[in-house]
Structure formats: C-alpha cells, structure tokens
Number of protein chains: 2
Amino acid sequence: MRIGELANRTGVPTRMLRYYEEQGLITPLRLENGYRDYDEYLVERVLKIRRLLDSGVPTRIIRDMLPCLNDIGSTIVADPDPELRAMLVDQRDKLAERIVLLQQNRDALTRYIDAMDHA
Amino acid sequence: MRIGELANRTGVPTRMLRYYEEQGLITPLRLENGYRDYDEYLVERVLKIRRLLDSGVPTRIIRDMLPCLNDIGSTIVADPDPELRAMLVDQRDKLAERIVLLQQNRDALTRYIDAMDHA
DNA sequence: TCGAACATTGACATCCATGTAAAGGTCAAA
DNA sequence: TTTGACCTTTACATGGATGTCAATGTTCGA
C-alpha cells in the first residue's frame, strides 16, 4: 500500500512515517515511480512504534528493540550475539524500573482520588 | 539550603532546578540577597520530579499531579473540585495504559532473551 | 487533456528538556 | 582588599518528535 493508506489505517501522519523510515524503523519498498510501497505487516509495526514512542521510548532504542519484538509471537532468534543480549537485558531492566515507578504514581493518584470521594 | 547544595544532594543540575521553578514545579523562597532558599522537603520532591521525567511524564502533567502526590502519605484533600477529580482520573488512566504497554514490551523482551538463551 | 488527489524531497518552524556561556552580584577567607 | 566559590538573570544552542509549506512529479477520472 502507499503512504496515504498506511497513514489512514494507523492514524500516523505521513510526515512521521517518513521520519520513522529516516530513523531506520521501517523500510518500505519503492514502486517504479518512486512511491513508497508498504507491506501489510507494517501496519502492526507502525502501531507498535507509536505505542512505544507514546511510552517515552526513543526511536534509537526502538530501532534496537524492533528486530526482537516480532509481531507474530514467533521469537525467531536470528543472532545469539552476547552483546545484543546484554543490550536487551539492560533495556528490559530499564523498562521494569519505569513500570514500578509509574505504578507507584498511579497508586498514589488512586489513593488521592479515593480520599476526595470520601470527603 | 541554596541551589548548589540541592543540586549536589539530588544530582539534578542547577540549570534544571531553575527550569523546574520556571515550570511551576517547585517554588523556593528567596534570601535577602536574592539567592534561592530551598526547604528540606524539596529534596524528595525534586527526586520525584526527576523520576517522573525519566518515565516520560512531561512537566505540564507533573505540575498537575504534584499537589496530589504528597510526599508524606498524608493525603490531605485540599479541594474536592469535581473538575480536578476528573483530570486526576484521566491522568491515572493514561498512566495505567502506559503501564500495560510497557509491561507488554518488557515481557516480549524477556521472551526473546529467554529464546536466545535456549539456542 | 486537464484538474484533483496523491506522491516525492527539502527546508524551515516549534516545543520540550537540556547544555553552556556571558556579565554581573554576594560573601567568606586569605 | 582581593580572590574564588557561589549565586543571579539572560540568552543562545542542541537534539528529538512533530507541523507545515514549497516546488515538483505521477496517476486517474471527467
């Protein structure tokens, strides 16, 4: 599909789709006329990118993570590079930290709301 | 305490402490000579701000949340404004969404790492 | 064949969180 | 009294994600 359709289906502006490409997050084919040609599976990938960005994960990190977050739960290990593994562990641990923190804040908000309701 | 000490104790550069003030996140007193005078309790608050920023929560949101995330678990409901309540609920739900998303990505990474280890 | 809808690249603009520097005031200690 | 450490405000710079626009090419339907 072309960029406009992908933009419609994902809600991600064409500007951003080109940006993601520039950042190496997606690599559409090209039609003979130079138009980008997006494969069906990229719909899911773009949505995943959006959710990650919305969660505060920068494109650089997303780029590193993407090959591992395979859409289908296929978990195809292409390359058991120990350096890659270390990076992934590191990244996961950072995620875990953020999760704990956000949970704490979520709970604090909930407590506060509850306290409001009992007043 | 003055800005330098607070910076030392929190690891947050003075530049950022002034920025947080500009954004309405902290409001130090002033000494007669114009120096900022930070209360002891602001140490915790600054650390909290840092953690939130590191989790991708923008200053604007932090500003709204801060009065509710009281350092001491005191939960003093100053103002049972229904509009404030709605904003807090909304904010909490957004947090919850992010948490779920991050958990998913964390789990996906973990699965991938495990798969690497079994290869 | 012409116009509308859609592509392309490239550039410039903006917001946010930061770094950094300039020009100057305060204060304590040598 | 001067030096050095610390503070002030102001400003300009940067990097990342995004908006917007200009100039141009492609395709398709009236």
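Each chain gets a letter, A, B and so on, in the order the sequences are listed, and its residues count up from 1. All figures in this text were calculated on a predicted structure; none of them were measured in a lab.
None of A/Arg45, A/Arg30, A/Arg63 except one satisfies the salt bridge (Lys or Arg N to Asp or Glu O under 4.0 Å) rule with A/Glu21; the exception is A/Arg30.
Rounded to an integer number of Å, the gap from OH of A/Tyr20 to P of D/dA17 is 9 Å. Between A/Arg50 atom CZ and D/dT18 atom C1' there is a gap of 9 Å when expressed in whole angstrom units. Between the P atom of D/dA17 and the CZ atom of A/Arg63 lies a distance of 10 Å, rounded to the nearest Å. The distance from atom CZ of B/Arg60 to atom P of C/dC15 is 15 Å, rounded to the nearest whole Å. One atom, CD1 of A/Ile62, and another, C1' of D/dA17, lie 11 Å apart when rounded to the nearest Å. Rounded to an integer number of Å, the gap from CD1 of B/Ile49 to P of C/dC16 is 16 Å. Rounded to whole Å, atom P of D/dA17 lies 18 Å from atom CZ of A/Arg18. Summarising the geometry, the separation between CG on B/Asn8 and P on D/dA5 is reported as 14 Å, rounded to the nearest angstrom.
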Any chance you could list the contact pattern along nucleotides 22-30 of chain C? Use B for base contacts, S for sugar-phosphate-only contacts and - for none, protein heavy atoms under 4.0 Å, 5' to 3'. ---BBS---

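Among the heavy atoms of the strands, none lies under 4.0 Å from B/Thr14.
With hydrogens and angles left out, the side chain of A/Arg15 and the base of D/dT20 share a donor-acceptor pair within 3.5 Å.
Side-chain atoms of A/Pro13 lie closest to D/dG19 of the nucleotides D/dG19, D/dT8, C/dT18. Counting only heavy atoms from C-beta on, B/Arg36 has its side chain closest to D/dT8 among C/dT18, D/dT8, D/dT18. In the set C/dA17, D/dA17, C/dT9, the nucleotide with an atom closest to the side chain of B/Thr59 is C/dA17.
Minimum heavy-atom separation, B/Leu101 to A/Arg51: CD2-O, 2.8 Å.
For the 3.5 Å distance criterion, the side chains of B/Arg50 and B/Tyr20 qualify, holding a donor opposite an acceptor.
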B/Tyr38 vs B/Ile3, side-chain contact (heavy atoms from CB on, under 4.5 Å): CA-CA, chis, key distance, verdict: CA-CA 7 Å; B/Tyr38 294 90; B/Ile3 200 169; 3.5 Å; yes

Test B/Glu44 against B/Lys48 for salt bridge (Lys or Arg N to Asp or Glu O under 4.0 Å), laying out the working first. CA-CA 6 Å; B/Glu44 265 313 303; B/Lys48 179 165 296 185; over 6 Å; no

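No continuous path of hydrophobic side-chain contacts links B/Val100 to B/Val57 [ILVMFWY only; heavy atoms under 4.5 Å]. B/Val43 and B/Leu31 sit in two unconnected hydrophobic clusters of ILVMFWY residues. Membership requires side-chain heavy atoms under 4.5 Å apart, directly or through other members.
Nearer the 5' end of DNA chain D, as judged by each residue's closest nucleotide, is the contact made by A/Gln23, out of A/Glu32 and A/Gln23. In this structure, B/Met16 and A/Arg30 both approach DNA chain C, and ranking their closest nucleotides by distance from the 5' end singles out A/Arg30.
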